[in-house]
2 protein chains.
Amino acid sequence: MPTRPDRRDPLPLWAQVQRDITARIQRGEFDDVFPGELHLVEEYAVSRHTVREALRALRADGLLDAGRGRPTRVAPAPITATQGVLYSLFSAAEDAGHTQRSIVLALDARADGVIARRLGLEESTPLVHLERLRLLDDAPLALDRVWLPARIAAPLLEADFTRTSLYAELDARCGVRLTGGHEQVRAVIAREREQRLLELPVDPADPAGRASVALLHLERVGELRGQPIEWRQTVIRGDRFALDTDLSSPDRITARPVGGSPR
Amino acid sequence: MPTRPDRRDPLPLWAQVQRDITARIQRGEFDDVFPGELHLVEEYAVSRHTVREALRALRADGLLDAGRGRPTRVAPAPITATQGVLYSLFSAAEDAGHTQRSIVLALDARADGVIARRLGLEESTPLVHLERLRLLDDAPLALDRVWLPARIAAPLLEADFTRTSLYAELDARCGVRLTGGHEQVRAVIAREREQRLLELPVDPADPAGRASVALLHLERVGELRGQPIEWRQTVIRGDRFALDTDLSSPDRITARPVGGSPR
DNA sequence: GTCCATTTGTTCGTATGTATT
DNA sequence: TAATACATACGAACAAATGGA
């Protein structure tokens with residue numbers, strides 16, 4: 001069910017073909033086999049050169065996996081695609097030989113109008129809610145809250161999140177792997193509950209008992225084929241966490257646990 | 001003086017043409033004008049398609065700047081190698097139409113044993129020290145301190161940093177462009193001086209007058225051919241700044257100014 | 001400001017090479 | 001080995017944008 005390109009469309013033919021193939025990939029139309037170039041030439045009624053131009057763009061976007069002599073296939077959703085800062089942090093901790101553990105503070109199904117709307121759902125839609133205190137070498141590192149639609153994530157309610165990761169369980173129990181999303185990192189002051197749970201040191205010169213370390217506030221929206229299905233909020237102790245950028249390879253950033261305050 | 005491609009070479013013709021053009025660019029042969037596609041067709045005795053394939057690769061590598069209707073040109077050497085989060089922030093602000101300005105709080109030469117040692121220098125080595133309050137649309141955004149060896153950076157003492165960037169001046173006045181380095185981002189609580197300079201809002205429930213927003217603390221070491229020559233420390237208002245990651249293109253991170261607190 | 005020559009971008013057609021299954 | 005599919009390469013024509021006359 002291809003949509004043929006239209007010469008009156010200001011977009012070049014190859015870009016129209018690219019757009020249509022992208023849509024078909026996202027509909028899962030090519031999960032079994034991807035058609036050959038000549039087949040696409042007939043479907044779209046354009047020249048092979050035009051088809052190849054579209055396929056070139058799709059490969060550049062990482063949607064296709066092609067090679068000489070073998071059939072092209074839809075590239076499997078890379079697991080790396082949905083890692084981000086949070087994954088980077090806990091994976092770096094693992095590599096450095098730290099032990100990780102979580103205390104599950106909440107795991108239930110509930111309705112939350114605010115979160116549901118952020119996920120583009122009805123306010124009354126039931127959501128699975130998971131709240132964990134994440135420990136690094138048995139010391140509190142982060143407070144992690146995540147919401148997912150119960151329709152998809154209900155099987156998670158029986159999982160034990162003391163050791164395993166959310167995304168591993170989501171894959172194993174729900175058969176779902178995120179395909180995209182975005183993360184945002186900001187700095188915030190700890191609230192009282194966070195201060196208590198994260199065992200933040202208190203400034204002795206401050207009679208009100210304010211914490212002497214700040215938090216990194218990570219907000220994440222995970223998507224499945226363009227639909228947001230995860231809303232996550234994590235606060236991390238600022239004295240135990242850093243983002244690193246190597247300027248020789250710009251745009252690369254890694255997160256890692258650190259000790260002490262930077263000043 | 002082109003080297004014609006050879007069919008016995010296992011490399012595709014377009015790749016041979018690409019290789020030769022790259023060499024010619026590096027010899028400075030095209031600093032004035034870059035030849036048109038048809039001219040290259042004659043020089044290399046290949047089809048226009050082959051030439052275009054080579055040019056496509058060269059553009060992808062960022063060596064050429066081409067566009068419909070205008071002559072292709074050799075792309076100027078990119079400054080991008082040493083940008084990082086800070087550059088990303090101020091460049092994003094520029095793109096979004098914000099105005100940027102700095103108040104220079106200090107610009108002098110001094111010795112600082114701690115910093116000097118971090119740069120691998122003798123403790124008594126004179127350093128150029130620049131401290132700026134950076135304003136975004138005339139509102140304080142960041143407090144920025146940087147130290148460089150005076151041997152290299154002495155000409156900066158006569159620069160006006162109200163509008164121009166450090167790296168532009170470093171290039172223009174000292175003939176130096178950083179070749180590498182690394183940045184680290186953490187979250188910290190504002191000190192009193194920072195609180196005052198950045199005009200941080202104060203928590204009304206806190207009698208001690210603690211600020212109600214946290215800071216992102218950015219530490220940067222810039223290198224010139226492997227030697228650290230810049231040590232920089234910037235604190236940024238956490239309510240006006242965010243790091244964004246698009247999970248579809250992992251490792252890419254951008255910084256941008258934002259409004260309000262995330263919660 | 002308009003027109004025109006130049007230059008790159010797009011699109012068609014065709015043929016052959018080469019790696020994989 | 002043979003069939004298949006992508007990669008490379010040639011040729012030709014028109015479209016669209018630019019920049020200068």
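To find a chain, count down the sequence lines: A is the first, B the second, and so on, and within it residues start at 1.
In this structure, A:R73 has no salt bridge (charged side-chain N to carboxylate O under 4.0 Å, His left out) partners at least two apart in sequence or on a different chain. By the salt bridge (charged side-chain N to carboxylate O under 4.0 Å, His left out) test, A:D160 is found to be paired with no residue, residues two or more places apart in sequence or in another chain being considered. Partners of A:R48 according to the salt bridge (charged side-chain N to carboxylate O under 4.0 Å, His left out) rule, which considers only residues two or more places apart in sequence or in another chain, are A:E37. Partners of A:E43 under the side-chain hydrogen bond (donor to acceptor under 3.5 Å, both in side chains) rule, at least two apart in sequence or in another chain, are A:R24. Among residues two or more places apart in sequence or in another chain, the salt bridge (charged side-chain N to carboxylate O under 4.0 Å, His left out) test is passed with A:D9 by A:R19. Applying the side-chain hydrogen bond (donor to acceptor under 3.5 Å, both in side chains) rule to A:E169 yields the partners A:T164, A:R173; only residues at least two apart in sequence or on another chain are considered. Evaluation of the side-chain hydrogen bond (donor to acceptor under 3.5 Å, both in side chains) rule for A:R163 yields no partner, not counting sequence neighbours.
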Sugar-phosphate atoms are those with a prime plus P, OP1 and OP2; base atoms are the rest. Using that split, label each nucleotide of nucleotides 5-13 of chain C B, S or - for protein heavy atoms under 4.0 Å, 5' to 3'.
-> --BBBBBBS

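The pair A:R177-A:E223 fails the salt-bridge criterion, with no side-chain N (NZ, NE, NH1 or NH2) lying under 4.0 Å from an Asp/Glu carboxylate O.
Legend: salt bridge (Lys or Arg N to Asp or Glu O under 4.0 Å) pairs involving residues 58-69 of chain B, not counting sequence neighbours, sorted by first then second residue: B:D65-B:R70. Evaluation of the ring pair (Phe, Tyr, Trp, His ring centres under 6.0 Å) test over residues 8-48 of chain A, restricted to residues two or more places apart or in two chains, returns A:F30-A:F34.
The span of DNA chain D lying next to chain A, judged by atoms under 4.0 Å from heavy atoms, is bounded 5' to 3' by D:dT4 to D:dT8.
Listed by residue number, the members of residues 18-28 of chain B with any heavy atom below 4.0 angstrom from DNA chain D form an empty set.
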